[in-house]
Amino acid sequence: MPKGRPNTMNNYGVLLNELGMDETFITPLREKYLQPITALLYPDWGGACLDSHKAFVVKYSLHEDLDLSSHYDNAEVTLNVSLGKDFTEGNLYFGDFSQEPTPVPKYIEIQHVGAQGLLHRGGQIHGALPIASGERWNLIIWMRSSAIRNQLCPMCNKKPELVEAEGFGDGFTETPEDDMPETVNLC
Ligand SMILES: O=C(O)CCC(=O)C(=O)O
Ligand SMILES: [Fe+2]
């Protein structure tokens, strides 16, 4: 069975499409239950038209990954659900969006309680502090809006160049103009 890393930063965990969970679980969850909420919370970030995702579970434990450094996601909107198990420390932190230049970046820390989900903009800098004991498991759904990312890639801020991909790929789609057959001016 294929077993990819959930993303370039987490070494432990599992990609849910490899378990066949996209069609049966994650896609209906995104379309029926998450999108009505994200449409209200993130209208400018494609919250009403999230049309693909990358879903994975990440695992932290004392002899494996302890924490996750500060980063932004390849997603317009992210859902992070704390699955437990029992652990201490390991809070999430988020950078502040304030435009004021500060010499030291400001972060807010969130204690993520088991069985609770947290939605955030993928582009907001965040990370997870080291756990001090136990095991921490989280379900992460990076939700993408092709309408937003087709304009500018959220990772490199350039117009995306499309390559063939399996499944949802990175969530870019061909725009209708790209599909139009070439026309010849006969006048
Ligand atoms: O461990 C966490 O709760 C954060 C995971 C995360 O930010 C990510 O995988 O993009
Ligand atoms: Fe993240």
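Just so you know, ligand 1 is whichever comes first in the structure, and atom 1 is the first atom listed for that ligand.
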Which of the atoms of ligand 1 are close to [X], meaning less than 4.0 Å from one of its heavy atoms?
X      : answer
His126 : 7 (O)
Phe56  : 9 (O)
Trp142 : 10 (O)
Asn138 : 3 (O)
Asn10  : 9 (O)
Leu92  : 2 (C), 3 (O), 4 (C)

Under 3.5 Å between some N or O of ligand 1 and some N or O of His112?
-> no
Which one holds for Thr78 and ligand 1: side chain close, backbone close, both close, or neither close, with close meaning a heavy atom under 4.0 Å?
->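 Within the 4.0 Å criterion, Thr78 makes no contact with ligand 1.
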Relative to ligand 1, is Arg136 under 4.0 angstrom through side chain, backbone, both or neither, heavy atoms considered?
->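 For Arg136, only side-chain atoms sit under 4.0 Å from ligand 1.
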Ring-face cation of Arg149 near Phe168 (centre distance under 6.0 Å, axis angle within 45°) | no
Is the closest heavy-atom distance from His71 to ligand 1 below 4.0 Å?
-> yes
May I ask you to check whether Phe87 and Trp137 place their ring centers less than 6.0 Å from one another?
-> no
Nearest heavy atoms of Trp45 and Glu76, plus distance in Å |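 Looking at all heavy atoms of both residues, the closest pair is O-CB, 3.3 Å.
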Heavy-atom closest pair, residues Asn150 and Lys159 = O-NZ, 3.3 Å
Answer yes or no: is there a donor N or O on one side and an acceptor on the other, between the side chain of [X] and the main chain of [Y], under 3.5 Å?
X      : Y     : result
Thr27  : Asp22 : yes
His126 : Gly95 : no
Tyr93  : Ser70 : yes

Closest approach of any protein heavy atom to [atom], naming residue and atom:
atom                    : answer
atom 10 (O) of ligand 1 : Asp73 OD1, 3.0 Å
atom 4 (C) of ligand 1  : Asn80 ND2, 3.5 Å
atom 1 (O) of ligand 1  : Tyr60 OH, 2.5 Å
atom 5 (C) of ligand 1  : Leu68 CD2, 3.4 Å

Here the N/O/S atom of Asp73 closest to the Fe ion (ligand 2) would be OD1
In Leu66, Ile131, Leu83, the residue satisfying side-chain contact (heavy atoms from CB on, under 4.5 Å) with Arg136 is Ile131
Side chains of Asn10 and Arg5, donor plus acceptor under 3.5 Å | no
So do the side chains of Leu50 and Leu34 get within less than 4.5 Å of each other, counting heavy atoms only?
-> no
